[in-house]
Amino acid sequence: MSDEKRDNPGVVAPPPAIYFAGLVAGLIFNYFFPAAIVFLPRTIGIIAGIIFVAIAGFVILTAFRAFSAAKTNVEPWKPTTAIVSSGIYRFSRNPIYLAMTLLYVGVGLLLDSLWVLLLIIPVWFLINFGVILREEKYLTAKFGNEYLDYKQRIRRWL
């Protein structure tokens with residue numbers, strides 16, 4: 001199907017799969033080449049990990065509720081029917097990706113895996129260039145000034 005007829009942003013992969021692949025790759029590296037997070041005391045890593053995971057869960061639930069209230073799809077491979085700009089979307093255009101990043105880092109801290117933390121860099125680049133930029137292009141084409149106004153008012157991350 002041509003790009004003109006496709007009613008979705010054409011992301012490279014489902015974002016949760018991108019984060020999960022990075023996490024699994026980090027754990028595989030950690031299995032064969034163990035590398036703890038030596039620059040952070042273990043107790044602080046555990047506390048920070050728990051906090052990050054808790055915040056991520058709250059943000060994801062809040063974001064899903066906003067999508068549900070707007071009656072639009074949360075999955076980026078399905079058509080978007082509305083610009084969600086209420087709730088948590090008043091503060092970030094991508095709170096779910098921010099939350100998935102916090103969840104990923106939180107898990108890396110809890111597992112004390114330097115590899116997991118290091119692999120957030122390629123994960124983030126893939127999310128940014130393979131997902132977010134495609135979504136922004138799609139939303140601009142579909143919603144025009146409504147999305148451009150929202151994009152101007154609200155930051156991409158925080």
Within this structure, what is the [atom1]-[atom2] distance for the pair [X] and [Y], rounded to the nearest 0.5 Å?
X	Y	atom1	atom2	answer
L109	L40	CG	CG	6.5 Å
N73	T80	CG	OG1	7.0 Å
I88	L98	CD1	CG	8.0 Å
I132	L139	CD1	CG	11.5 Å
Y19	L103	OH	CG	9.5 Å
I83	K151	CD1	NZ	11.0 Å

Practice item. Decide side-chain contact (heavy atoms from CB on, under 4.5 Å) for L119 and Y104; before the verdict, give the C-alpha distance in whole Å, the side-chain angles of both, and the deciding distance to 0.1 Å. Key: CA-CA 10 Å; L119 287 179; Y104 180 102; 3.5 Å; yes
Check your understanding: With no hydrogens and no angle check, do the side chains of E135 and Y97 hold a donor and an acceptor under 3.5 Å apart?
Key ->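 Yes, Y97 and E135 have a side-chain donor paired with an acceptor closer than 3.5 Å.
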Side chain [X], main chain [Y], donor-acceptor under 3.5 Å:
X	Y	answer
R134	G10	yes
N30	A35	yes
S113	G108	no
T62	F58	yes
N8	P79	no
N94	W157	no

Take atom [atom1] in [X]; do more than 12 heavy atoms of anything else shown fall under 6.0 Å from it?
X	atom1	value
R42	CZ	yes
R155	CZ	no
F39	CZ	yes
F52	CZ	no

Exercise for review: Give the intermediate values and the outcome of side-chain contact (heavy atoms from CB on, under 4.5 Å) for residues R93 and Y147.
Suggested key: CA-CA 10 Å; R93 293 196 316 262; Y147 179 70; 3.7 Å; yes
Common cluster, [X]/[Y], ILVMFWY with side-chain heavy-atom separation under 4.5 Å:
X	Y	value
W77	I18	no
L23	I28	yes
F125	M100	yes
L118	V123	yes
I96	F91	no

Non-hydrogen atoms of [X] and [Y] that approach each other most closely:
X	Y	value
A82	A70	CB-O, 4.1 Å
A56	A99	CB-O, 3.2 Å
R153	S85	NH2-CB, 4.3 Å
S86	A66	O-CB, 4.2 Å

Check your understanding: Less than 4.0 Å between a side-chain N and a carboxylate O, is that true for D7 and K78?
Key ->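 Not counted as a salt bridge, because no side-chain N and carboxylate O are separated by less than 4.0 Å.
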Does any part of the side chain of [Y], heavy atoms only, come nearer than 4.5 Å to the side chain of [X], both counted from C-beta?
X	Y	result
V84	T72	yes
L148	N145	yes
V131	L126	no

Exercise for review: Tell me, please, which residues at least two apart from F29 pass ring pair (Phe, Tyr, Trp, His ring centres under 6.0 Å).
Suggested key: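 Only W115 meet the ring pair (Phe, Tyr, Trp, His ring centres under 6.0 Å) criterion with F29.
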Exercise for review: Answer yes if the ring centres of Y150 and F143 are under 6.0 angstrom apart, and no otherwise.
Suggested key: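 No, the ring centres sit 6.0 Å or more apart.
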Exercise for review: In sequence, state the C-alpha distance, the side-chain angles, and the governing distance for L102 and V59, and then conclude on side-chain contact (heavy atoms from CB on, under 4.5 Å).
Suggested key: CA-CA 10 Å; L102 286 173; V59 170; 5.6 Å; no
Check your understanding: Please walk me through it: do R65 and I60 pass side-chain contact (heavy atoms from CB on, under 4.5 Å)?
Key -> CA-CA 9 Å; R65 288 182 60 177; I60 289 171; over 6 Å; no
